[in-house]
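Below is one structure, written out as structure tokens; comments come after it.
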Amino acid sequence: GPMTTLIDILWTVLSWAAALGMVGWALFKWYQTSNDESLIVKWLLSAFVIAFMIFGIGPMMAVGGQAAVFGVLLGAVCGAVLAVLWTGNIASAAAGPFTNLFFPKEEMEAKPFYSTAEYRRKQGRYQEAIEEVENQLEQFPSDPRGHFLLAEIQAEDFKDLNAAQQTAERFMAQPGHDPKNHSFILNRLADWYLRFEHDPDSAREFLQRIIDQFPDTEMAHMATQRIAHLPDRQQFGAKQPIKVPHIAGSPGVDPNYQRPQKPTEDLGEIEERYLSHLAERPDDQEAREELAHFYAEHRHDVDRAIQEVEALLETPGAPQRQVVHWLNMLADLQIKNRQDVSAARCALERIIELYPGTAVAATAERRISLLNRELKGQKQAPSIKMASYDQRPGLRKNRNAIRFTDE
């Protein structure tokens, strides 16, 4: 009756819906796990070929005669097309269990890609570069590299330091980030405010945040040194005149020409300049090292040189490489200025006590075994003349406080 017919129709519809759902789910899972980028295109082509075989070749075969022969030929062509489309996939699926048995397949970890953003940036299309970075950050909101790149474009390309700072603050507000990433972005903000705004006060605030958030760490130590070397606001834009000495006659032509001699600076003035600078910036370790060398080599006061190095060794949070460097300085002072192998050995043994079983401890042990040879070499080394000093201790890129000449 009508009721039976309606039930049959509903059953047919539900059966087809279930079948299509299962096929759709299978295709979706197939697409998720496949590395074949042309999979959807293959599906569409296969559906077209199969539909043609059913609705085009099927009627030909039913007619018979020459139409059936032609239908067989078309069917062979369609089969060849399907074989070309799916042979690779079928072979890969068949070999998969054996391949995974010997070479287990590792799932690829999803990660952001910024190559498009960097390419747009190189083209000068900065807004598009920002949009690309933001698209990646929507999928990977805690990725450090994306935040760093976004802040860099905002600061260096758009010169919008407020936007760059907001990006940095948003990144640092996220939990779970490595402290080194916080230190990196705060250092970059300090760089940008110095470079684009000539604002050492803001730069100092960012560096001080590193010290406050991560005290007694190498990051805090480096921030302290950067603060000690920050220029004053008045130094930005100040043009220093270049002094050109008057030269009488024709240099290089006049046989009576003599090179003008550099004036010799008073050692007391040099010492006062170092002390004044350190009184203002006591954390400037570079200047304190130079003062130690000055006392040892030109005041011949090794005790005061050692005091300055010991003051450096009391720096909280000093990284291993700095401590090792200063203890080697103590050994140098004892060998070069006092020829005291025993005292030099004591300085190097402090490295072994502080960092036992490390590479620096092994290096210290090796130097201890060679101290007598080192002392012998010092006794045979020729003396070096000293001519001039840097006018701004601790405030330059060249770490050699004393410049030597052969004049």
Side-chain angles (χ1 to χ4, degrees), residues 183-184 186-240 265-299 301-330 332-333 388-403:
S183 175
F184 176 82
L186 287 170
N187 271 287
R188 295 293 284 151
L189 285 171
D191 292 337
W192 291 327
Y193 271 89
L194 285 173
R195 177 180 172 187
F196 299 117
E197 295 292 331
H198 296 170
D199 186 356
D201 296 331
S202 294
R204 184 178 293 105
E205 290 178 6
F206 293 123
L207 296 171
Q208 187 62 46
R209 285 175 61 177
I210 300 175
I211 300 171
D212 295 339
Q213 292 179 22
F214 314 109
D216 299 331
T217 63
E218 184 173 352
M219 297 176 292
H221 172 81
M222 298 304 297
T224 301
Q225 291 310 294
R226 288 204 65 185
I227 290 176
H229 289 79
L230 283 176
D232 296 328
R233 184 181 288 273
Q234 291 78 7
Q235 291 178 289
F236 284 104
K239 296 182 179 180
Q240 300 294 333
E265 190 172 6
D266 181 76
L267 295 181
E269 294 179 2
I270 297 171
E271 180 180 1
E272 179 60 29
R273 189 165 62 248
Y274 276 117
L275 294 175
S276 298
H277 174 76
L278 287 170
E280 181 180 350
R281 303 190 180 192
D283 293 326
D284 191 343
Q285 296 169 356
E286 185 180 343
R288 196 171 295 280
E289 282 188 30
E290 295 164 3
L291 179 59
H293 285 297
F294 171 80
Y295 280 138
E297 297 174 15
H298 307 290
R299 285 296 195 190
D301 190 344
V302 182
D303 289 334
R304 294 193 66 179
I306 291 175
Q307 289 177 7
E308 297 299 333
V309 179
E310 291 290 355
L312 289 169
L313 287 166
E314 294 177 0
T315 304
Q320 173 183 297
R321 55 186 172 79
Q322 283 293 98
V323 174
V324 171
H325 168 66
W326 294 328
L327 288 171
N328 274 284
M329 276 187 64
L330 285 181
D332 292 339
L333 290 172
S388 62
Y389 300 85
D390 196 300
Q391 296 294 324
R392 298 170 63 200
L395 298 178
R396 72 196 177 291
K397 295 180 180 179
N398 183 3
R399 291 182 176 272
N400 297 317
I402 302 171
R403 297 194 299 271

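Sequential numbering from 1 along the given sequence is applied to the chain's residues.
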Nearest-0.5 Å distance, CZ of residue Arg273 to CD of residue Glu269: 8.0 Å
Side chains of Glu271 and His298, donor plus acceptor under 3.5 Å: no
CG on Asn187 to CE on Met219, rounded to 0.5 Å: 10.0 Å
Note, Leu207 side chain near Arg204 side chain (heavy atom, < 4.5 Å): no
Nearest heavy-atom neighbours spanning Pro200 and Leu230: O-CD1, 3.9 Å
Interatomic distance, Leu275 atom CG to Glu272 atom CD [nearest 0.5 angstrom]: 6.0 Å
All side-chain hydrogen bond (donor to acceptor under 3.5 Å, both in side chains) counterparts of Gln208, not counting sequence neighbours: Asp212
Non-hydrogen side-chain atoms of Asp191 and Arg226 separated by less than 4.5 Å: yes
Non-hydrogen atoms of Glu308 and Arg288 that approach each other most closely: OE1-NH1, 2.8 Å
Interatomic spacing from CG in Asp283 to OG1 in Thr315 - rounded to 0.5 Å: 8.0 Å
Backbone N/O of Gln285 and side chain of Gln225: donor-acceptor pair under 3.5 Å: yes
Closest contact, heavy atoms only, Leu278 versus Ala287: CD2-CB, 4.0 Å
Side chain to side chain contact (heavy atoms under 4.5 Å, CB included) evaluation trace for Leu313 with Glu310: CA-CA 5 Å; Leu313 287 166; Glu310 291 290 355; 3.6 Å; yes
pair Trp326-Leu330: side-chain heavy atoms closer than 4.5 Å: no
Contacts of type ring pair (Phe, Tyr, Trp, His ring centres under 6.0 Å), residue Phe206, not counting sequence neighbours: Tyr193
Side chain to side chain contact (heavy atoms under 4.5 Å, CB included) evaluation trace for Phe294 with Leu267: CA-CA 9 Å; Phe294 171 80; Leu267 295 181; 4.0 Å; yes
Thr224 OG1 to Ile211 CD1 distance, which is reported to the nearest 0.5 Å: 3.5 Å
Side-chain heavy-atom pair Glu289, Met329 within 4.5 angstrom cut-off: yes
From CG (Leu291) to CD (Gln307), nearest 0.5 Å: 10.5 Å
For the student: nearest non-hydrogen atoms of Asp216 and Ala220, plus distance: N-CB, 4.2 Å
Shortest non-hydrogen contact from Pro319 toward His221: CD-CD2, 3.1 Å
Heavy-atom pair of closest approach, residues Ala292 and Ala305: O-CB, 3.2 Å
